[in-house]
Number of protein chains: 2
Amino acid sequence: MATLKDISVELGLSVATVSRALNGFPEVGARTRTRVQEAAARLGYRPNRSAQRLATGRSGVVGMIVKLRADMSADQTFFDVITSLTAELAARDLDLVLSVDQGDDPVAPYKRMLERDLLDGFVLNAPVPNDPRPGFLMSRDVPFVMHGQAHDAPDYAFFGIDNAAVSADAVELLTTLGHRRIALINGEARFAFAAEREAGFRAAMAAGAGAVPDSAVADGPPTENTGYTLALSWLSGRTGPRPTAILCATTPVAAGVLRAARDLGLSVPGDLSVMAHDDALPNIRPAHFNPALTVTHAPLREACAPLAQMLVDHLNGAPPARLQTVIRAGLIVRASTGPVPKGEDIPWQIP
Amino acid sequence: MATLKDISVELGLSVATVSRALNGFPEVGARTRTRVQEAAARLGYRPNRSAQRLATGRSGVVGMIVKLRADMSADQTFFDVITSLTAELAARDLDLVLSVDQGDDPVAPYKRMLERDLLDGFVLNAPVPNDPRPGFLMSRDVPFVMHGQAHDAPDYAFFGIDNAAVSADAVELLTTLGHRRIALINGEARFAFAAEREAGFRAAMAAGAGAVPDSAVADGPPTENTGYTLALSWLSGRTGPRPTAILCATTPVAAGVLRAARDLGLSVPGDLSVMAHDDALPNIRPAHFNPALTVTHAPLREACAPLAQMLVDHLNGAPPARLQTVIRAGLIVRASTGPVPKGEDIPWQIP
DNA sequence: GGTCATTTTCAAAACGGTTTGAGAAGCGGC
DNA sequence: GCCGCTTCTCAAACCGTTTTGAAAATGACC
């Protein structure tokens with residue numbers, strides 16, 4: 001491997017000049033620059049990354065710590081995100097160090113990784129209400145971007161979807177179709193996005209369809225089973241009046257709801273309308289559900305390019321408060337939503 | 001971040017002494033060593049990877065490249081492995097850089113990562129027959145360990161289970177119970193482990209139960225659906241004589257087989273015996289299947305400690321041909337296997 | 001030809017470790 | 001008190017870059 005020194009000896013220049021010539025600094029003469037570039041090419045020079053990193057203090061490596069959940073529910077979304085994220089980071093010359101955390105202290109794994117002094121920054125995901133991680137990282141001046149945040153006007157970089165709007169858009173579509181008794185199967189309560197969705201849901205309902213009793217809002221892991229179980233209990237009518245529409249946090253949950261309706265002999269959308277938020281995971285096709293599922297739609301993987309770019313900008317000194325993006329999910333109306341059944345346009349009763 | 005210099009100043013020693021103390025060199029006094037170690041712990045010292053790599057040529061970072069499959073079937077095993085692997089590597093002071101590959105060329109992503117000049121070595125997984133990766137890495141003198149290899153007497157480091165024995169042990173149990181028509185739902189044919197399992201299956205069958213027609217061996221992604229569909233077709237009897245026992249590549253496949261049997265009104269193990277190989281994924285409990293599943297059992301995550309250790313040894317200069325471990329899966333007999341139904345102990349007919 | 005501003009180049013100091021070669025301290029034996 | 005031996009510690013060199021501060025070369029102008 002040729003080094004800067006080899007080139008400098010070859011040309012009778014100093015390493016400093018060679019370095020500047022190759023890195024495009026303005027203060028080196030045009031003739032010298034071409035001479036250097038040519039010599040570098042001829043000798044097959046490639047900068048030693050470790051030396052570069054040691055000198056610049058930057059490693060070109062960012063970290064991500066995924067929290068292990070007992071039910072492993074994050075698998076699919078996690079894999080989808082990792083796939084796009086590593087590709088987008090690689091395109092920007094960054095590598096991703098991954099660590100899986102099983103502990104209780106949410107900041108401990110970040111502390112450990114930082115001690116290694118290997119990382120330039122982090123990608124965080126799955127924020128929870130009052131998440132302690134941003135505060136910790138900011139106190140240490142460690143750059144990071146948060147995936148999945150959209151509110152609380154934080155003064156750090158984030159990318160997320162407008163979760164209140166996700167709920168509001170869905171509720172608006174359904175109320176326009178005459179629905180009043182809309183139930184929500186939400187994401188797990190400990191995540192920030194779920195709180196935002198529920199708040200958006202309740203607000204939109206109060207504005208258009210009437211207040212919602214607690215019994216019409218439930219949550220659980222984003223699995224088919226969650227949807228099946230909850231829908232079965234609601235639709236059996238044993239727990240009070242039935243919903244005429246069910247809003248689901250994810251498409252697998254909606255699949256469970258559809259199965260429950262089928263098992264109970266209810267037609268969708270004749271007797272029940274079903275909607276979900278669609279993260280666009282590659283192995284789930286809500287367009288091929290039976291009936292095709294009406295969704296709000298925001299592909300998780302589309303967050304990765306902005307996240308990678310924001311992190312790069314952040315590392316290059318951009319003020320993080322400027323690196324904030326909230327996108328609005330799209331609305332795709334398919335065949336699982338329809339007008340409210342005759343005579344069923346009666347709001348929830350609040351006990 | 002604390003540096004060697006910080007510690008040396010703190011203790012009034014030279015950086016050289018501190019370095020040697022921490023790296024276990026014999027020429028530093030016991031008292032000094034403990035003083036240094038304690039100070040290092042107190043200040044949260046961790047060596048700077050870039051500096052270390054510059055000085056030694058080693059970074060303490062290893063890479064793993066996972067291949068994205070269209071059906072995402074690897075999710076669960078992948079997550080389980082990553083969890084244990086990052087923990088085991090961290091315990092040995094190694095970090096893991098992860099990359100997801102979607103391309104066609106199996107070695108291109110390794111080439112790309114190597115150009116980054118960050119990694120000391122790799123963990124490979126999911127070998128395929130004639131896998132080009134080992135040859136490529138060996139030609140570049142890049143250390144690596146392979147997860148899931150067990151045969152072909154390769155001259156590199158690997159850890160795997162004896163897949164032929166997995167099949168043979170299962171077949172032996174079932175033939176002892178009188179079964180002769182045993183069918184195999186194998187892992188996907190493109191993987192080396194599946195070829196080994198099929199070869200082991202056919203050999204054990206030929207020795208104990210009679211030759212196996214191609215129609216009694218099938219494969220597919222390791223999902224519940226694969227098991228359900230294949231079992232339904234076999235057990236309906238439309239495709240020829242029914243198997244009296246079905247051997248499954250994974251526990252989700254077996255769950256599908258059990259559901260198919262239930263749907264057809266067949267009792268397990270009265271009418272049909274079912275077995276699977278169990279990777280011991282944390283969210284699947286074959287002991288709680290109904291009936292509890294008889295399995296060959298080899299927890300994927302238990303491969304991670306040996307893999308990490310072998311990689312460390314390899315990095316420290318151990319000859320890779322010595323770093324080869326093949327373990328034999330355990331056999332756990334539960335309630336899903338029983339004697340062959342009366343009069344059904346008739347071997348397969350080869351067309 | 002001298003002065004000044006403007007390129008252009010250089011030597012040296014980082015960055016944070018490891019490794020070398022040499023010196024100081026401790027100790028037993030004479 | 002001196003010698004030789006071991007044990008411990010140190011200053012300095014090194015890895016290959018980037019970056020700093022200063023010096024040298026160039027050119028324009030009077």
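As a basis for the values below, the full set of heavy atoms in this structure was taken, side chains included, without hydrogen atoms, waters or symmetry mates. Letters A, B, ... mirror the listed sequences (proteins, then strands); counts begin at 1.
Close to D:dT18, at under 4.0 Å from its OP1 or OP2, lies no side-chain N or O of A:T56. Between C:dG16 and B:Q52, no contact under 4.0 Å exists linking OP1 or OP2 to a side-chain N or O. The shortest distance between the side-chain N/O atoms of A:T17 and the OP1/OP2 oxygens of C:dT9 is not below 4.0 Å.
Counting any heavy atom pair closer than 4.0 Å across all strands shown, B:G60 reaches no nucleic acid atom.
B:R49 has its CZ atom 20 Å from the P atom of D:dG16, to the nearest Å. If you take CG of B:L118 and P of D:dT17, they are 16 Å apart, rounded to a whole angstrom. The distance between atom CG of B:L4 and atom C1' of D:dC10, rounded to the nearest whole Å, is 14 Å. As a whole-Å value, the separation of A:R53 CZ from C:dA14 C1' is 19 Å. Between the CG atom of B:L11 and the C1' atom of D:dC10 there is a distance of 15 Å, given to the nearest Å. When rounded to the nearest whole Å, the span between NZ of A:K5 and C1' of C:dA12 equals 13 Å. Remark: P of C:dT18 and CG of B:N48 are 10 Å apart, rounded to the nearest angstrom.
A:D279 places no side-chain N or O within donor-acceptor distance of the main-chain N or O of A:L281, the cut-off being under 3.5 Å. Remark: the backbone N or O of B:F159 is not paired with any side-chain donor or acceptor of B:T325 at under 3.5 angstrom.
Scanning residues 19-44 of chain B for heavy-atom distances under 4.0 Å to DNA chain C yields B:S19, B:R20, B:N23, B:F25.
The two residues A:D120 and A:G57 come nearest to each other via the heavy atoms OD1-O, 4.2 Å. Of all heavy-atom pairs spanning B:H147 and B:V81, the tightest one is CE1-CG2, 4.3 Å.
The side chain of A:A16 approaches D:dT19 more closely than any other nucleotide in the set D:dC15, D:dT19, D:dG16.
A salt bridge links B:R92 with B:E88: the distance from a Lys NZ or Arg NE/NH1/NH2 to an Asp or Glu carboxylate oxygen falls below 4.0 Å. Using a 4.0 Å cut-off between charged nitrogen and carboxylate oxygen, A:R49 and A:D93 count as a salt-bridge pair.
Nearest-nucleotide positions on DNA chain D place B:L13 closer to the 5' end than the other of B:L13 and A:L54.
Not counting sequence neighbours, the partners of B:Y110 by the ring pair (Phe, Tyr, Trp, His ring centres under 6.0 Å) test are B:F122.
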